[in-house]
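Remember, predicted model here, so these are calculated numbers, not experimental data. Chain naming here is simple, since letters A, B, ... match the order of the sequence lines and numbering starts at 1 in each.
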Protein chains: 2
Amino acid sequence: MTYRQFKRQAKLTQEDFCLEMLAAHREDIKAKKQRTAVKNLELIFQATLKVSNQKGFQAMTMRDLSKASGLSIGALYDYFNGKEALLEMIQGAGRRITRRVMRQAVSGGEAPPEKLASAIRAHLYLSEAMQPWFFFSYMEARHLGKVEKQRAKEGELATERHIAEVIKEGKRQGVFAGVDHLLTAAVIKGMLQDWYLKRWKYAKRRVSVERYADFVVGLAQGYCTGGLGPAGAGEARDE
Amino acid sequence: MTYRQFKRQAKLTQEDFCLEMLAAHREDIKAKKQRTAVKNLELIFQATLKVSNQKGFQAMTMRDLSKASGLSIGALYDYFNGKEALLEMIQGAGRRITRRVMRQAVSGGEAPPEKLASAIRAHLYLSEAMQPWFFFSYMEARHLGKVEKQRAKEGELATERHIAEVIKEGKRQGVFAGVDHLLTAAVIKGMLQDWYLKRWKYAKRRVSVERYADFVVGLAQGYCTGGLGPAGAGEARDE
DNA sequence: GTCTATATACGGATAGAC
DNA sequence: GTCTATCCGTATATAGAC
């Protein structure tokens with residue numbers, strides 16, 4: 001699947017994102033008309049990611065946000081009850097969207113090598129389409145409350161587990177060599193993460209998301225099918 | 001080389017780090033006696049990383065730092081002129097140490113596969129020994145001033161370039177296949193970064209730095225020597 | 001060399017006008 | 001629905017005592 005196809009099929013516009021936020025916080029938001037609410041949420045969302053990804057969420061003041069969004073400080077408080085709530089609103093919405101997309105990506109009945117490729121591509125394309133959110137989400141996870149932080153970690157691990165499961169299944173079927181599926185999934189996750197954390201680097205080098213995806217898929221499939229790994233050299237224990 | 005050997009040979013204690021900071025800021029620091037200066041710098045350094053890696057450098061107040069270090073706010077100002085200066089002092093010292101160690105790591109006259117392994121191991125062992133600093137350095141790079149931020153990026157790219165050069169040399173000598181040396185170096189860098197950014201994950205799974213290093217070295221050498229890569233499929237352009 | 005006390009400024013949040 | 005004006009807490013940084 002190409003990035004173009006993916007983006008058309010998945011609902012990942014800024015508007016979709018704000019609809020997700022609105023649905024989850026309908027009662028708390030003062031604006032009654034959906035059109036108004038979504039319009040302003042888009043302004044807030046955009047401004048938050050812009051300012052926050054430059055100087056950090058903590059360093060972003062309500063005055064900054066007011067200026068960047070065009071809404072007054074008072075109006076902002078009609079959409080969220082303080083900075084912490086704003087952070088959780090944005091984090092939560094993105095997490096739910098990510099989970100939905102990743103679930104769908106590995107739900108098909110493909111063979112392990114293709115399933116592995118699908119998972120890798122889905123995550124890369126998703127993080128390409130929502131890059132500012134992914135960056136934001138990683139960098140600001142520290143500032144979440146205890147409960148929300150736990151959820152963020154869970155989301156993080158879920159993606160990795162998806163990949164590990166596919167590799168494990170491939171080993172069971174005999175199409176993959178005896179690689180360490182946990183460590184392999186971990187480093188693949190690291191490669192996926194590099195795509196959205198180091199955007200500037202890849203942009204400067206004119207590496208497209210598709211070329212990066214081809215590269216990572218090739219490396220992962222090659223490692224899993226080829227006999228590169230130190231087969232049976234002891235696996236990583238979870239917990 | 002094992003982690004133990006590495007740690008003994010390289011000077012990477014907290015005291016060494018603070019000596020580096022002191023040397024670079026000798027005039028600005030009020031304390032004249034070296035013993036006093038280093039002792040307090042250690043308190044400040046330790047407290048900064050501890051509080052900052054929990055809640056973020058921006059969120060850390062001078063009061064927090066005073067409490068965590070045991071020094072009064074007034075005393076803190078005798079060692080650095082405000083938070084921004086403190087940030088740059090810590091970032092700069094770590095960067096200089098990193099550069100020194102990485103240079104040494106690839107300076108030997110080994111063959112490319114071993115040189116590749118040396119570079120990977122050196123970076124992993126270094127980031128293991130100075131994990132709090134590496135995490136801090138990555139997470140707080142945004143809060144640096146323009147000049148310092150540029151230097152941080154440069155340091156980042158320098159490590160990657162070291163790796164890319166080794167791969168390129170290996171290709172020239174015919175011991176490595178026609179892999180894309182820039183993309184390969186980039187994903188290897190991503191794997192190295194995962195080690196210090198996701199410490200909690202690997203700690204939970206009881207993965208030691210040596211096992212992780214063996215894994216990454218195996219993967220990298222396998223990929224470069226084995227014919228996995230899409231040979232000659234067009235390389236990444238720098239800039 | 002290190003501390004306490006304080007000047008000064010800035011941030012989050014709210015009340016109430018429009 | 002949105003804005004302006006303002007309260008109040010807390011932050012940085014400094015002055016000057018010890």
Side-chain angles (χ1 to χ4, degrees), chain A residues 18 21-22 25-48 51-52 54-90 140 143-145, chain B residues 18 21-22 25-48 51-52 54-90 140 143-145:
Chain A
C18 293
M21 284 200 286
L22 182 59
H25 297 266
R26 199 61 195 93
E27 309 85 67
D28 312 326
I29 291 172
K30 301 290 187 299
K32 292 305 162 206
K33 266 184 292 198
Q34 169 144 328
R35 280 200 32 89
T36 313
V38 171
K39 186 199 73 180
N40 285 338
L41 279 175
E42 287 196 51
L43 290 172
I44 293 168
F45 175 68
Q46 200 159 29
T48 303
V51 178
S52 197
Q54 263 172 20
K55 52 156 69 176
F57 185 78
Q58 286 276 352
M60 178 188 73
T61 68
M62 292 299 286
R63 284 168 176 81
D64 288 336
L65 188 55
S66 168
K67 195 169 291 184
S69 67
L71 296 171
S72 70
I73 293 186
L76 291 176
Y77 278 91
D78 290 339
Y79 288 88
F80 54 87
N81 297 316
K83 280 178 75 179
E84 193 177 326
L86 172 62
L87 179 58
E88 295 189 354
M89 186 164 73
I90 293 177
E140 310 302 345
H143 305 308
L144 288 167
Chain B
C18 292
M21 284 200 287
L22 182 59
H25 297 266
R26 200 60 194 93
E27 309 85 68
D28 312 326
I29 291 173
K30 301 290 187 301
K32 293 304 163 207
K33 265 183 293 198
Q34 169 144 327
R35 281 202 28 91
T36 312
V38 171
K39 187 201 73 183
N40 284 338
L41 280 175
E42 286 196 50
L43 290 173
I44 293 168
F45 174 69
Q46 199 159 29
T48 303
V51 178
S52 197
Q54 264 172 17
K55 51 157 68 178
F57 185 78
Q58 286 277 351
M60 178 188 73
T61 68
M62 293 298 284
R63 282 176 176 80
D64 289 336
L65 189 55
S66 168
K67 195 168 291 183
S69 68
L71 296 171
S72 70
I73 293 185
L76 292 176
Y77 278 91
D78 289 339
Y79 288 89
F80 54 87
N81 298 314
K83 281 177 73 179
E84 193 176 327
L86 172 61
L87 179 58
E88 295 189 354
M89 187 164 71
I90 294 178
E140 311 302 346
H143 305 307
L144 289 167

Problem - Side-chain heavy atoms of B:Phe80 within contact of B:Leu87, under 4.5 Å - result: no
Exercise for the section: With sequence neighbours excluded, tell me which residues meet salt bridge (Lys or Arg N to Asp or Glu O under 4.0 Å) with A:Lys30. Expected result: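 Per chain and number, A:Lys30 pairs via salt bridge (Lys or Arg N to Asp or Glu O under 4.0 Å) with no residue.
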With sequence neighbours excluded, what pairs up with [X] under the side chain to side chain contact (heavy atoms under 4.5 Å, CB included) test?
{"X": "A:Lys39", "value": "none"}
{"X": "B:Gln58", "value": "A:Gln58, A:Ala59, B:His143"}
{"X": "B:Gln34", "value": "B:Leu19, B:Leu22, B:Val38"}

Completion exercise
In short, salt bridge (charged side-chain N to carboxylate O under 4.0 Å, His left out) pairs touching residues 65-86 of chain A with sequence neighbours left out are none
Practice task
Could I get the full list of ring-ring contact (aromatic ring centres under 6.0 Å, His included) partners for B:Tyr79, not counting sequence neighbours?
Solution key: none
Practice task
Check DNA chain D against residues 55-69 of chain A and give the residues with a non-hydrogen atom under 4.0 Å, in numerical order.
Solution key: none
Exercise for the section: Give, ordered by number, those residues of residues 74-82 of chain A having at least one heavy-atom distance below 4.0 Å to an atom of DNA chain D; if nothing qualifies, reply none. Expected result: A:Gly74, A:Ala75, A:Asp78, A:Tyr79
Using the side-chain hydrogen bond (donor to acceptor under 3.5 Å, both in side chains) criterion, which residues pair with [X]? Sequence neighbours excluded.
{"X": "B:Thr36", "value": "none"}
{"X": "B:Ser72", "value": "none"}
{"X": "B:Glu42", "value": "B:Gln14"}

Exercise for the section: Starting from C1' on C:dA15, measure out to CD1 on A:Ile73 and report it in whole angstrom. Expected result: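 Result: 14 Å.
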Handout entry: Of residues 37-46 of chain A, the positions that come close to DNA chain C - non-hydrogen atoms, cut-off under 4.0 Å
Key =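 Output list: empty, so none.
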Practice task
Measure from the side-chain heavy atoms of A:Ser72 and tell me the nearest of C:dT2, D:dT2, D:dT12.
Solution key: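 Nucleotide nearest to A:Ser72's side chain: D:dT2.
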